[in-house]
Amino acid sequence: MFPVIYPIILAVILFSLGVAGVLLRKNAIVILMSLELMFNAANLVFITFANYHQNLDGQVFIIFIMVTAAAEVAVGLALIVNIFRAKKTISIDEMHSLKG
Amino acid sequence: MTLIDFNSILPVILLVVWALVMLLLDVWFGKRVPLLTPVMAVAGLVLSLAASLYQIGQQASAFNGMIRVDGFSIFLNNLFALSGIVAIGLGYDYLKRVGISEGEYYVLLLFSISGMMLMGSAGDLIIVFLSLELLSIPLYVLAGIDHKRDASREASLKYFLLGTMASAFVLFGIAFVYGAAGTTSLYGITEAVSQGKVQQFLLICGSALLLAGFGFKVAAVPFHSWTPDVYHGSPSSVTAFMSVGAKAAGFAALIRVFSLNFTAIAIELTPLFWVLSALTMIVGNVVAVAQTNLKRMLAYSSIAHAGYILMAFVGFGDAAVRQNSIASALFYLAAYALTSLGAWSVLVAVEQQDGSGNEISDLAGLGKTAPSLAAAMVVFMLSFTGIPLTLGFWGKFYLFRTAIEGGFTYLAVAGLLTSLVSVFYYLRVVVKMYFQPGEALAHKGRLTSLIATILAILVVGLAFVPGYLFNLAAAGLIAGA
């Protein structure tokens, strides 16, 4: 059987890239993409273990994740558009009306 | 769907269907009958509360173990429904004053509460994740519902980005736990662990990631950085609900998942919890001292209280104290919910139309201009501090007792010392209100004052019968934990 460890290492790398993107990038859209990367890294882990355990729990979970991720993106983009309308920028550096 | 399935999920289903109907009615009649949506929302919550009270004493497993009805879920359902009713009362006055006329406020609130209730009765990691999203996504929107103000917009985006990151951590953690045990059912994982069929390393990785994700939700240090900004920027009535509901739901997930699945690796996790709890108490209380804005101060105070609740849970691996620690955490959550909703309701009453009026110095003279509000605020501040004759005292009493029973004396000492620090900033509010001249403006919103008064009476009144409430919390057992 295909060694489990390779896709897991790939998923950990993807997840770390996602975390780094969220923490380092300034553009709200890019941050949203990094979040999606984190979700999909988790998907990869699920699918790998579903194959390893030979059961469907993991695959079912992924369907749910994809649906909620879509809902989340819809809300997130709406929030970003709302900010863009007022400020004409979506850089999170420009958001300093709250000190902190 | 069998009858048992239907019964067990009745409080949630009622709420969701009700909210969908409200959404339609609000579009059709909302403009002509402005009272319709809030009244319907309260009615829906009362119905859901009734359904959840009807479940008292039941124990059931439904939807192939996806949903669990037990004392724990029922206790939390009641807590969520009650704090939702308070949040609607606060919202009604507040929204009218600041000129937000969206009926969606109430609908989103109901959706969020349904997610919280589902979280309390989760029997499977799929439900944990779905309910986490169901409670969070409406809250992101609610934080930004005052979309004409910069602060509210930014708060919602910050909450969204960091909240989603927390969800991703939870998800990654669940993926590893699934990898370790081969199932996502909480009871299935327990079984696999007891049979020794799990990968220890994967389980530890998964639990640490889950802890980080839930740590975000309950605002534990070092995952707290979103809290002050989001609490500050969101409309106050939303923050009031967020500070209670989202936190309680985070703890619901934490307590259920960890006390069921991770007791076998408690030796590895206990030091983590210890550090998390101590850090949260210290940072929350110390930074709160430096705050001049009441909303930010209450935000840091809510961080500190998350630390206290975590203290109860440090000893979760010890079967002898586990039930006690769950009970005292639930008791503290209830005491905190009443106090926090009360303090925020006073804040809602003093906040001005343009969003100002929430500096601590703005409270000067409130003792003269609005004696009943000021008196209520004194009660809430004393309860937050943990002074006897308030519910907060009993909350801390049970927590410290559990911590010492579990052998974490130093942690209890840390809790005691940080409580002493907290006296300083809580009493500063009291001093401001009574001993400094000023003309604090309080709005004459009758509903808000009524809610503040009722909550103050409850905080003092229930302190005379703490055993009663503690027995209720102690009935909040997790089946099989």
Side-chain angles (χ1 to χ4, degrees), chain A residues 4 8 11-12 14-15 18-19 22-23 28 31-32 34-50 52-55 57-58 60-65 67-69 71-80 82-87 90 92 94-100, chain B residues 124-127 129-130 132-134 136-138 140-141 143-144 147-165 167-176 178-185 188 202 205-206 209 225-233 293 296 299:
Chain A
V4 173
I8 299 299
V12 170
L14 286 177
F15 191 82
V19 174
V22 172
L23 297 179
I31 296 179
L32 202 57
S34 305
L35 287 169
E36 287 304 303
L37 199 59
M38 291 166 77
F39 274 76
N40 285 320
N43 280 351
L44 189 57
V45 178
F46 272 116
I47 211 82
T48 309
F49 283 128
Y52 174 74
H53 290 296
Q54 291 293 313
N55 64 23
D57 288 20
V60 171
F61 211 130
I62 289 178
I63 307 289
F64 283 111
I65 295 171
V67 172
T68 46
E72 211 146 36
V73 168
V75 169
L77 285 177
L79 296 178
I80 293 174
N82 186 22
I83 293 228
F84 181 74
R85 274 191 188 149
K87 297 203 162 202
I90 47 171
I92 54 166
E94 299 300 314
M95 294 173 203
H96 37 55
S97 63
L98 303 162
K99 51 172 180 181
Chain B
D124 193 294
L125 288 171
I126 293 183
I127 300 293
F129 173 69
L130 286 181
L132 187 69
E133 296 294 287
L134 181 55
S136 302
I137 294 178
Y140 303 147
V141 182
H147 58 85
K148 294 190 183 71
R149 264 180 51 227
D150 263 357
S152 179
R153 275 195 292 252
E154 288 178 17
S156 73
L157 189 67
K158 257 179 202 171
Y159 192 30
F160 169 77
L161 292 176
L162 290 172
T164 310
M165 185 160 141
S167 300
F169 270 98
V170 169
L171 204 55
F172 212 52
I174 292 175
F176 276 108
Y178 167 64
T183 170
T184 52
S185 153
L202 282 179
C205 286
L209 284 163
S225 55
W226 58 275
T227 320
D229 284 356
V230 171
Y231 280 24
H232 186 187
N293 182 295
R296 291 185 91 83

Which heavy atom of [X] sits nearest to which heavy atom of [Y], and what is that distance?
X: A:D57; Y: B:T184; value: OD2-N, 3.5 Å
X: A:I80; Y: A:A28; value: CD1-CB, 3.9 Å
X: B:R296; Y: B:P228; value: NH2-CB, 3.7 Å
X: B:S167; Y: B:F129; value: O-CE1, 4.3 Å
X: B:A175; Y: A:A42; value: CB-O, 4.1 Å

Which region of [X], side chain (C-beta onward) or backbone (N, CA, C, O), has a non-hydrogen atom less than 4.5 Å from a non-hydrogen atom of chain A, or is it both or neither?
X: B:E133; answer: side chain
X: B:I174; answer: both
X: B:I126; answer: both
X: B:F172; answer: both

Is it the backbone or the side chain of [X] that comes under 4.5 Å from a heavy atom of chain B, or both, or neither?
X: A:A78; result: neither
X: A:F46; result: both
X: A:I90; result: neither
X: A:V67; result: neither

Leading residue by heavy atom contact count with chain A [cutoff under 4.5 Å; candidates [options]]:
options: B:A168, B:G179, B:S225; value: B:G179
options: B:R153, B:H147, B:M165, B:K148; value: B:R153
options: B:T164, B:D150, B:L157, B:I137; value: B:T164

Greatest number of non-hydrogen atom pairs under 4.5 angstrom with chain B, of A:I92, A:N55, A:I31, falls to A:N55

Sequence neighbours excluded, the answer for side-chain hydrogen bond (donor to acceptor under 3.5 Å, both in side chains) partners of A:N82 is none

When you measure from the side chain of B:T183 to the backbone of B:Y178, do you find a donor-acceptor pair of N or O atoms at a distance under 3.5 Å?
no

Residues at least two apart in sequence or cross-chain that pass side chain to side chain contact (heavy atoms under 4.5 Å, CB included) with A:I47, listed by chain then number, are A:L44, A:Q59, A:I62

